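The structure displayed is predicted, hence computed values, not measured ones. Here, residue 1 is the first one in the sequence, and each next residue gets the next number.
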Amino acid sequence: MELLIDDANVAEIQRIYEFYPIDGVTTNPSILAKSGRPPFEVLKEIRSILGTEPQLHVQAVAGDAEGMIEDAHCIVKELPGNTFVKIPAVPEGFKAIKQLTKEGIRTTATAIYTPLQGFLAAKSGASYAAPYINRIDNMGYDGIAVARTIHDIFQQNGLPTKLLAASFKNSQQVLELCRYGVGASTVAPAVIDGMVNNAAIDSAIRVFEADFRELTGQDSMSKL
Ligand code: G3P
């Protein structure tokens with residue numbers, strides 16, 4: 001499973017990208033709005049932190065297919081590299097995804113709440129399909145089950161689209177999809193930190209350090 005950062009806070013992206021094995025960054029208009037800064041300024045800073053190889057997913061904001069296609073042209077021109085254009089999985093979006101696929105522009109179908117949205121996005125040619133795990137849970141349905149069903153639909157139908165699960169509130173949700181072998185998950189920095197935020201882990205490491213200091217009077221093998 002690929003692991004991406006779902007955020008547009010440049011300092012946080014830099015920190016997480018330095019320490020964790022990260023495959024890219026996803027954003028959406030709401031995430032960009034939180035930065036309070038010009039979108040392309042923020043996105044270019046994120047691209048420069050990542051370099052050209054890791055993925056950057058940026059959402060089209062127009063409401064119709066023609067506008068989404070124009071947004072997509074603008075996004076890939078302004079942000080060269082391994083960039084994917086997020087397009088909502090609705091009829092205007094499917095039309096845009098089909099056209100962009102013909103043009104060789106890669107897309108991530110987003111705002112997915114149902115398995116058949118994922119199926120239609122994949123048939124339209126999307127590279128990724130992004131179900132919103134926590135938001136589905138909050139509607140009284142099972143977000144993990146929806147994600148698994150979409151993953152199964154792709155596998156059973158030989159569709160090359162990968163699942164890109166989004167909207168996580170805790171690391172347990174990420175674990176369940178990792179165990180299922182989905183294509184990718186995009187996760188907020190706090191939830192990524194939560195994967196290793198554990199007093200038992202910290203305590204074990206402190207004991208190793210103390211035992212080594214007691215044995216050698218040093219805090220590094222390089223000082224022996
Ligand atoms: O891009 C979709 C994802 O970021 C939604 O996450 O936490 O706003 O439900 P959330």
Side-chain angles (χ1 to χ4, degrees), residues 1-8 22-32 39-40 42-44 46-47 50-133 135-136 146-147 149-155 157-168 177 182-187:
M1 185 181 79
E2 295 163 355
L3 179 63
L4 293 91
I5 306 169
D6 197 23
D7 203 21
I22 295 297
D23 297 294
V25 170
T26 58
T27 62
N28 65 35
S30 305
I31 287 173
L32 287 169
F40 276 121
V42 174
L43 291 162
K44 284 177 183 176
I46 296 170
R47 175 48 86 203
L50 298 177
T52 52
E53 190 51 38
Q55 302 165 24
L56 179 58
H57 297 246
V58 180
Q59 194 158 329
V61 292
D64 62 6
E66 287 67 31
M68 290 173 191
I69 291 164
E70 278 178 28
D71 279 0
H73 292 159
C74 177
I75 288 166
V76 296
K77 179 168 164 273
E78 293 288 332
L79 299 160
N82 196 8
T83 298
F84 294 77
V85 181
K86 290 174 74 178
I87 305 275
V90 295
E92 293 286 345
F94 301 137
K95 181 177 173 183
I97 291 168
K98 288 197 295 175
Q99 175 59 30
L100 292 167
T101 302
K102 277 187 201 151
E103 295 177 22
I105 293 177
R106 292 167 305 166
T107 56
T108 296
T110 193
I112 292 180
Y113 289 78
T114 72
L116 286 172
Q117 268 183 294
F119 172 68
L120 292 170
K123 289 275 288 178
S124 299
S127 299
Y128 288 93
Y132 288 179
I133 307 306
R135 294 192 194 190
I136 296 170
V146 169
T149 300
I150 295 171
H151 176 80
D152 290 345
I153 287 169
F154 295 167
Q155 304 282 307
N157 289 275
L159 292 162
T161 307
K162 287 185 184 176
L163 195 87
L164 170 53
S167 179
F168 290 97
L177 291 180
V182 304
S185 286
T186 185
V187 185

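- Interatomic distance, CZ of Phe84 versus OG1 of Thr107, reported as 9.0 Å (0.5 Å rounding).
- In this structure the side chain of Gln59 never reaches within 4.5 angstrom of the side chain of Thr27, judged on heavy atoms.
- Two residues are said to be in side-chain contact when any heavy atoms from C-beta on lie closer than 4.5 Å; Leu164 and His57 meet this criterion.
- Two residues are said to be in side-chain contact when any heavy atoms from C-beta on lie closer than 4.5 Å; Val146 and Ile112 fail this criterion.
- Taking every heavy atom of both residues into account, Tyr128 and Leu163 meet most closely at CD2-O, 4.2 Å.
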Output, in order, the C-alpha distance, side-chain angles, deciding distance and verdict of side chain to side chain contact (heavy atoms under 4.5 Å, CB included) for Thr108 and Thr26. CA-CA 10 Å; Thr108 296; Thr26 58; over 6 Å; no
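- With hydrogens and angles ignored, the 3.5 Å screen pairs no side-chain donor or acceptor of Glu78 with any backbone N or O of Cys74.
- The main-chain N or O of Ser30 is found under 3.5 Å from a side-chain atom of Asn28 such that the two form a donor-acceptor pair.
- Residue Ile87 comes nearest to Met68 through the heavy atom pair CG2-SD, 3.7 Å, listed as atom of the first residue, atom of the second, then distance.
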Chi angles and distances behind the side chain to side chain contact (heavy atoms under 4.5 Å, CB included) call for Ile105, His73: CA-CA 8 Å; Ile105 293 177; His73 292 159; 3.5 Å; yes
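- In terms of heavy atoms, Leu32 sits closest to Pro39 at CD1-CB, 4.2 Å.
- Looking at every heavy atom in both residues, Phe94 comes nearest to Ala121 through CE2-N, 3.6 Å.
- A heavy-atom distance below 4.5 Å is not found between the side chains of Asp6 and Phe168.
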Before giving the answer on side chain to side chain contact (heavy atoms under 4.5 Å, CB included), spell out for Asp71 and Val85 the whole-Å C-alpha distance, their side-chain angles and the decisive distance to 0.1 Å. CA-CA 9 Å; Asp71 279 0; Val85 181; 5.9 Å; no
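- Minimum interatomic distance between Leu4 and Val25 (heavy atoms only, all atoms of both residues): CD2-N, 3.8 Å.
- The line from NZ of Lys98 to OG1 of Thr101 is 10.0 Å long, rounded to the nearest 0.5 Å.
- Met1 contributes atom CE, which lies 12.0 Å from atom NZ of Lys162 (distance to the nearest 0.5 angstrom).
- Atom CD of Gln55 sits about 10.0 Å away from atom CG of Leu50, to the nearest 0.5 Å.
- Among all heavy-atom pairs drawn from Ala126 and Ile97, the shortest one is N-CG2, 3.6 Å.
- Of the possible donor and acceptor atoms, one in the side chain of Gln117 sits under 3.5 Å from a partner among the backbone N and O of Ala111.
- Heavy atoms from other residues, nucleotides or ligands lying under 6.0 Å from CD of Glu103 number more than 12.
- Among Asn82, Thr52, Thr83, the single residue meeting the side chain to side chain donor-acceptor pair (under 3.5 Å) criterion with Arg47 is Thr83.
- Annotation: side chain of Asp23 is not in contact with side chain of Pro54 (no heavy-atom distance under 4.5 Å).
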